Amino acid sequence: MIDTVLFDMGGTLEDIFTDDESREQSAREVLRILKEKGVAVPDDLASAQKKLADGWDRYAAYRGPTDRELKPEEIWGQYVLTDFGLDQETVAPFAEELAHMWEVTYYHRTLRPRVAEMLAGLKGLGMKLGVISNTASLYQVFDILEEYGIRDYFQDVTLSSVTGYRKPDQNIFKVSLNQIRSDPSTCAYVGDTLSRDVIGPQRMGFGMTFHINSKLTKCKDVDVPKEIRATHEIEDIYQVYAILRDLEQHEAV
């Protein structure tokens, strides 16, 4: 019997995507923040975008194979801004400001329709609710949950930036399970990627997985084996509540 539902954030509770506008604006914001901190930076936006993209590629080459997440000062000081001639000591005082800005500017984010109704329905079933998110910011997920007006639904929010582990590494799931005090066999996980949000929970022995497509699903799920399947494929996030409600009613008969 499922008594706990844990959610991915970007692509699951919220729609998320990037485009030329968001990529350009995020580079502008990096330059603005650096200038405000007294760091001399070039005014060539195209050059700045190239340096930032190269920096994120270097970080992706580290975190991809390891499933590890560094702290913001390490990410920005050791990888993202090194082509600007900056180091961790210089970046550390404002690294989280950069990280938070990047998450909400590089990505367009909007709450999926009917998320609040779905969460209220799960609460009505007596479910414990939590979030497990891969993110390079320490506080952005907490802040945006507040902005969406849904923070109070969750007993736990577990982030890769805090734990140091990224999904599908089992340790990030173990941290969440220990904090929310649930057995994996009674947990369901909801996410938009097979590579992180289905493989990870299934390895942990979760009782159920839900998969919902996002605009970033295909690029994240390259080379996922064809045999990997979620318990439920859904198109509307509200189906999580409807399926678990019907399951509970069936078990009560």
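From a predicted model like this one, the values you see are computed outputs, not experimental measurements. Sequence positions, counted from 1, serve as the residue numbers for this chain.
The shortest distance between side-chain heavy atoms of P72 and L98 does not fall below 4.5 Å. Inter-residue side-chain proximity for F84 and L31 is flagged as met; some heavy-atom pair is nearer than 4.5 Å. Looking only at side-chain heavy atoms (C-beta outward), W56 and Y106 stay at 4.5 Å or farther from each other. No side-chain heavy atom of I132 sits less than 4.5 Å from a side-chain heavy atom of L159. By the 4.5 Å heavy-atom criterion applied to side chains, R166 and R196 are counted as neighbours. For the pair M204 and L177, the minimum side-chain heavy-atom distance is below 4.5 Å. V115 has its side chain out of reach of F7: every pair of non-hydrogen atoms, C-beta onward, lies at least 4.5 Å apart. Side chains of W76 and V30 form a contact here, defined as non-hydrogen atoms less than 4.5 Å apart.
In terms of heavy-atom proximity, I237 sits nearest to P113 at CG2-O, 3.4 Å. Smallest separation of non-hydrogen atoms from P93 and T90: CD-O, 3.3 Å. The two residues A230 and T209 come nearest to each other via the heavy atoms CA-OG1, 3.3 Å. Scanning both residues, A136 and A99, for their nearest heavy atoms gives O-CB, 3.5 Å. Scanning both residues, S182 and T4, for their nearest heavy atoms gives OG-OG1, 2.6 Å. What you find for F173 and P168 is that their closest heavy atoms are CE1-O, 3.8 Å.
Remark: E24 engages R28 in a side-chain hydrogen bond (donor to acceptor under 3.5 Å, both in side chains) (not counting sequence neighbours). Residues satisfying the side-chain contact (heavy atoms from CB on, under 4.5 Å) test with K215, not counting sequence neighbours, are F17. For the side-chain contact (heavy atoms from CB on, under 4.5 Å) test, residues two or more places apart in sequence or in another chain that qualify with S22 are T18, D19, H108. In this structure N213 satisfies the side-chain hydrogen bond (donor to acceptor under 3.5 Å, both in side chains) test with no other residue, sequence neighbours excluded. With sequence neighbours left out, the side-chain hydrogen bond (donor to acceptor under 3.5 Å, both in side chains) criterion links N134 to no other residue. Remark: V175 engages T158, T163, Q179 in a side-chain contact (heavy atoms from CB on, under 4.5 Å) (not counting sequence neighbours). In this structure I16 satisfies the side-chain contact (heavy atoms from CB on, under 4.5 Å) test together with Y107, R109, L216, sequence neighbours excluded.
With hydrogens and angles disregarded, a donor-acceptor distance shorter than 3.5 Å links the side chain of Y59 to the backbone of L70. At distances below 3.5 Å, at least one donor-acceptor pair connects side-chain atoms of K71 with backbone N or O atoms of V162. Within the 3.5 Å criterion, the main-chain N or O of D8 finds a donor-acceptor partner in the side chain of Y189. A donor-acceptor pair under 3.5 Å is absent between the side-chain atoms of K37 and the main chain of F94, judged by distance alone. Proximity of a side-chain donor or acceptor of R151 to a complementary backbone N or O of L145 within less than 3.5 Å is not detected. Using a distance-only test at 3.5 Å, with no hydrogens or angles considered, a donor-acceptor pair links the side chain of D197 to the main chain of D192. The main-chain N or O of A27 is never found under 3.5 Å from a side-chain atom of Q49 such that the two would form a donor-acceptor pair. Judged by distance alone, with hydrogens and angles left aside, the side-chain atoms of S195 form a donor-acceptor pair with the main-chain N or O of K220 at under 3.5 Å. The main-chain N or O of G200 is never found under 3.5 Å from a side-chain atom of K167 such that the two would form a donor-acceptor pair. At least one donor-acceptor pair under 3.5 Å links the side chain of S26 to the backbone N or O of R23.
With values rounded to the nearest 0.5 angstrom, E14 atom CD is found 8.0 Å from S133 atom OG. To the nearest 0.5 Å, atom CD of residue E69 and atom CG of residue L138 are 9.5 Å apart. Between the CE atom in M101 and the OG atom in S137 there is a gap of 10.5 Å [rounded to 0.5 Å]. With rounding to the nearest 0.5 Å, the separation of CG in L244 from CG in L247 is 6.5 Å. In this structure, CE in M208 is found 11.0 Å from OG1 in T186, a value given to the nearest 0.5 Å. Distance check: Q78 CD to T82 OG1 gives 9.5 Å after rounding to the nearest 0.5 Å.
The hydrophobic cluster containing I75 also contains V91, counting ILVMFWY residues as joined when their side-chain heavy atoms lie under 4.5 angstrom apart, directly or transitively. Linking ILVMFWY residues whenever their side-chain heavy atoms come closer than 4.5 Å, directly or via other members, leaves F206 and L125 in distinct clusters. The cluster map of Ile, Leu, Val, Met, Phe, Trp and Tyr, joined by side-chain heavy atoms under 4.5 Å apart, puts M9 and M118 in the same cluster.
Think of M1 as one node in a network of Ile, Leu, Val, Met, Phe, Trp and Tyr side chains linked at under 4.5 Å; it has no links at all. Other members of the cluster containing V104 do not exist, because no ILVMFWY side chain is joined to it at under 4.5 Å. Under the 4.5 angstrom side-chain criterion for Ile, Leu, Val, Met, Phe, Trp and Tyr, the cluster partners of V224 are L194, V198, I199, I228.
Each of I180, D156, V190 was scored for a side chain to side chain contact (heavy atoms under 4.5 Å, CB included) with L6, with one residue passing: I180.
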- Query: Given T135 and E103, is the side-chain contact (heavy atoms from CB on, under 4.5 Å) satisfied, shown in steps?
  - Reply: CA-CA 8 Å; T135 177; E103 291 289 343; 3.7 Å; yes
- Item | Test log, rule side-chain contact (heavy atoms from CB on, under 4.5 Å), inputs L86 and L34 | CA-CA 10 Å; L86 301 178; L34 292 178; 3.9 Å; yes
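Under 4.0 Å is where a charged nitrogen must lie from a carboxylate oxygen, and between E29 and R32 at least one such pair does. With respect to D169 and R68, a salt bridge is recorded, a charged nitrogen being found less than 4.0 Å from a carboxylate O. With respect to the salt-bridge test (charged N to carboxylate O, under 4.0 angstrom), the residues R112 and D15 qualify. Ionic pairing of D54 and K50 is present here: one or more N-O contacts between side-chain nitrogen and carboxylate oxygen are shorter than 4.0 angstrom.
Looking at E233 and H211, their side chains do bring a donor and an acceptor atom within 3.5 Å of each other.
Sorted by first then second residue, the ring-ring contact (aromatic ring centres under 6.0 Å, His included) pairs that include residues 117-149, not counting sequence neighbours, number zero. For residues 216-240, the ring-ring contact (aromatic ring centres under 6.0 Å, His included) pairs, not counting sequence neighbours, are F210-H232, Y238-Y241.
The local environment of CD in E36 is crowded, with over 12 non-hydrogen atoms from other residues, nucleotides or ligands closer than 6.0 Å.
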